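Throughout, numbering of the chain's residues begins at 1 and tracks the sequence. All values derive from a computational prediction rather than experimental measurement.
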Amino acid sequence: MVYDVKDFSQDVINRSGKIPVLVDFWAEWCGPCKMLGPILEKLAEKYEGRFELAKLNTDENQDIAVQYGIRGIPNVKLFINGEVTDEFTGALPESKVEQWLKKAIPDKNSAEIDKVKELINKGENDKASVLLKKLLKSDPENSELKLLLAKAILFDDPITSEKLAAEAEHNVQNSELVDSIRTIAHLFSLNGIGGSDSAVQYKSAIEELKRKNFDLALEKFIDIIKTDRNLDNDGARKACIAIFKYLGEENEISLRHRRDFGSALYI
């Protein structure tokens, strides 16, 4: 929805309690405003249901412009629950505006995504997978949903997990978890690394990882770092990093093994 602001309190402040409201502060004499306006309107139509676009003429609403510190136009502010949560100034190209929107507009499935993350953290991956598949039916291009599903099914279906992670790779924010999933999927598909003592322990560490015995897997991988860094192209080090990223750096298991991991690298 696109509309002109008539009553700022009603059209923006109150309305933003129900749906994010993007306010385009503009004026008739402003050339860049006339460039940005159609871009915002196009994106408002594209993202229908995610936010509403309210246009406010600063010449006709100077008190509002002063109240919100408008010093240059076009100025775009996002209101959520009556507060400005993000903004930008200037006539950005469409690609940059959309990039900004993707970060600024809350995901329409944010509550469900929080629930999924909680389920994964509890190890209830089957329940998380069911919910994620439902969400992806209504939002099939959502890279966060794809990556969460990749994480949830990694131990049961590493091939599909790796494919989903690759589809989410374009988002730079996902890069560390994508690398983690790739590394773990590689470990699960590994064949023929020899019969040395290190190789036997490496295979044992992988089996512990498959069983989600993260503590024991990390202990064994760290021991291999100390004795055979070249095995599987420094695979033990990569495996530890992948587990830390999969679990999260603040996970108690990650914290428990980080110091030993760091020490092993410099022996």
Side-chain angles (χ1 to χ4, degrees), residues 19-20 22 42-51 78 80 85-86 92-190 206 209-212 214 217 235 238-251 253-254:
I19 186 171
L22 198 66
K42 178 181 176 181
L43 291 172
E45 183 176 350
K46 179 178 179 179
Y47 284 77
E48 183 180 6
R50 298 281 300 278
F51 71 91
L78 178 66
I80 298 177
T85 59
D86 212 337
L92 301 180
E94 182 176 338
S95 61
K96 293 292 185 182
V97 176
E98 185 161 19
Q99 187 177 26
W100 178 84
L101 276 174
K102 287 180 178 179
K103 293 181 180 179
I105 302 292
D107 194 293
K108 62 183 178 181
N109 297 313
S110 58
E112 288 85 354
I113 288 174
D114 287 343
K115 182 179 179 180
V116 164
K117 289 178 178 178
E118 184 178 350
L119 288 170
I120 292 174
N121 288 336
K122 290 179 178 178
E124 299 179 27
N125 290 342
D126 290 342
K127 291 180 181 179
S129 297
V130 171
L131 181 53
L132 283 163
K133 288 172 183 176
K134 287 182 180 178
L135 293 173
L136 277 166
K137 284 183 179 179
S138 62
D139 195 3
E141 299 305 315
N142 190 311
S143 63
E144 184 178 14
L145 293 176
K146 288 182 180 180
L147 191 59
L148 285 169
L149 182 57
K151 185 175 182 179
I153 67 172
L154 175 58
F155 289 82
D156 295 319
D157 188 355
I159 294 175
T160 302
S161 173
E162 192 171 6
K163 289 179 180 176
L164 284 166
E167 292 176 13
E169 187 176 19
H170 65 276
N171 189 329
V172 176
Q173 294 178 326
N174 298 337
S175 60
E176 288 187 345
L177 185 52
V178 169
D179 289 343
S180 169
I181 289 169
R182 280 188 173 139
T183 298
I184 294 173
H186 161 75
L187 292 170
F188 291 169
S189 66
L190 195 62
I206 293 170
L209 179 57
K210 286 179 179 179
R211 290 190 284 267
K212 301 182 186 177
F214 298 111
K238 294 174 182 175
C240 289
I241 293 173
I243 294 170
F244 294 147
K245 297 304 180 186
Y246 178 86
L247 295 174
E249 292 290 353
E250 298 305 315
N251 182 279
I253 295 174
S254 299

Given Glu98 and Lys102, is the side chain to side chain contact (heavy atoms under 4.5 Å, CB included) satisfied, shown in steps?
-> CA-CA 6 Å; Glu98 185 161 19; Lys102 287 180 178 179; 4.0 Å; yes
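- The closest donor-acceptor contact from the side chain of Ser254 to the backbone of Glu250 lies at 3.5 Å or more, if one exists at all.
- From Trp100, atom CH2 reaches atom OG of Ser95 across 14.5 Å, with rounding to the nearest 0.5 Å.
- When all heavy atoms are compared, the tightest approach of Leu78 to Ala104 is CD2-O, 3.4 Å.
- Between Leu131 and Lys115, the shortest heavy-atom contact is CD2-CD, 4.0 Å.
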Could you go through the salt bridge (charged side-chain N to carboxylate O under 4.0 Å, His left out) check for Glu169 and Arg182 one step at a time?
-> CA-CA 11 Å; Glu169 187 176 19; Arg182 280 188 173 139; 2.8 Å; yes
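- Every side-chain hydrogen bond (donor to acceptor under 3.5 Å, both in side chains) that Lys245 has, sequence neighbours left out, goes to Glu176, Glu249.
- If you take CG on Asp86 and CD1 on Ile105, they are separated by 9.0 Å, rounding to the nearest 0.5 Å.
- Residue pairs meeting the salt bridge (Lys or Arg N to Asp or Glu O under 4.0 Å) criterion with at least one partner in residues 125-136, sequence neighbours excluded, are Glu124-Lys127.
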For the pair Leu22 and Leu101, evaluate side chain to side chain contact (heavy atoms under 4.5 Å, CB included) and give the outcome as yes or no after the intermediate values.
-> CA-CA 10 Å; Leu22 198 66; Leu101 276 174; 4.1 Å; yes
Intermediate values then yes/no, side chain to side chain donor-acceptor pair (under 3.5 Å), Thr160 and Asp157 | CA-CA 6 Å; Thr160 302; Asp157 188 355; 2.7 Å; yes
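- Using a 4.5 Å heavy-atom cutoff, the side chains of Tyr246 and Asn251 are not in contact.
- Partners of Lys137 under the salt bridge (charged side-chain N to carboxylate O under 4.0 Å, His left out) rule, at least two apart in sequence or in another chain, do not exist in this structure.
- Checked against the 6.0 Å centroid criterion, the rings of Phe214 and Phe244 do not qualify as a close aromatic pair.
- Other residues, nucleotides and ligands contribute over 12 non-hydrogen atoms within 6.0 Å of the NZ atom of Lys210.
- Using a cutoff of 4.0 Å between basic side-chain nitrogens and carboxylate oxygens, Lys117 and Glu144 are scored as salt-bridged.
- Atoms OG and CG, from Ser161 and Leu149 in turn, are 8.0 Å apart once rounded to the nearest 0.5 Å.
- For Ile181 against Lys151, the heavy-atom pair with the smallest separation is CD1-N, 4.0 Å.
- A heavy-atom distance below 4.5 Å is found between the side chains of Asn174 and Ser143.
- Remark: Lys212 engages no residue in a salt bridge (charged side-chain N to carboxylate O under 4.0 Å, His left out) (not counting sequence neighbours).
- A search for ring-ring contact (aromatic ring centres under 6.0 Å, His included) contacts involving Tyr47 returns nothing, not counting sequence neighbours.
- Ser180 has its side chain out of reach of Ile241: every pair of non-hydrogen atoms, C-beta onward, lies at least 4.5 Å apart.
- A distance of 4.0 Å separates CG of Leu147 from CG of Leu177, quoted to the nearest 0.5 Å.
- No more than 12 heavy atoms of other residues, nucleotides or ligands shown are found within 6.0 angstrom of CD1 on Ile159.
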Candidate pair Asn121 and Glu118, rule side chain to side chain contact (heavy atoms under 4.5 Å, CB included), full reasoning | CA-CA 5 Å; Asn121 288 336; Glu118 184 178 350; 5.6 Å; no
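- Put simply, the side chain of Asn125 does not reach to within 4.5 Å of the side chain of Ile153, judged on heavy atoms.
- Scanning for salt bridge (charged side-chain N to carboxylate O under 4.0 Å, His left out) contacts around Glu45 gives an empty result, with sequence neighbours left out.
- The closest side-chain heavy-atom distance from Leu154 to Ile184 is below 4.5 Å.
- Counting only distance, with no hydrogens or angles, the side chain of Lys146 and the backbone of Glu141 share no donor-acceptor pair below 3.5 Å.
- The shortest distance between side-chain heavy atoms of Leu135 and Asn142 does not fall below 4.5 Å.
- Proximity of Ile120 to Leu148: side-chain heavy atoms (C-beta onward) are separated by under 4.5 Å at one or more points.
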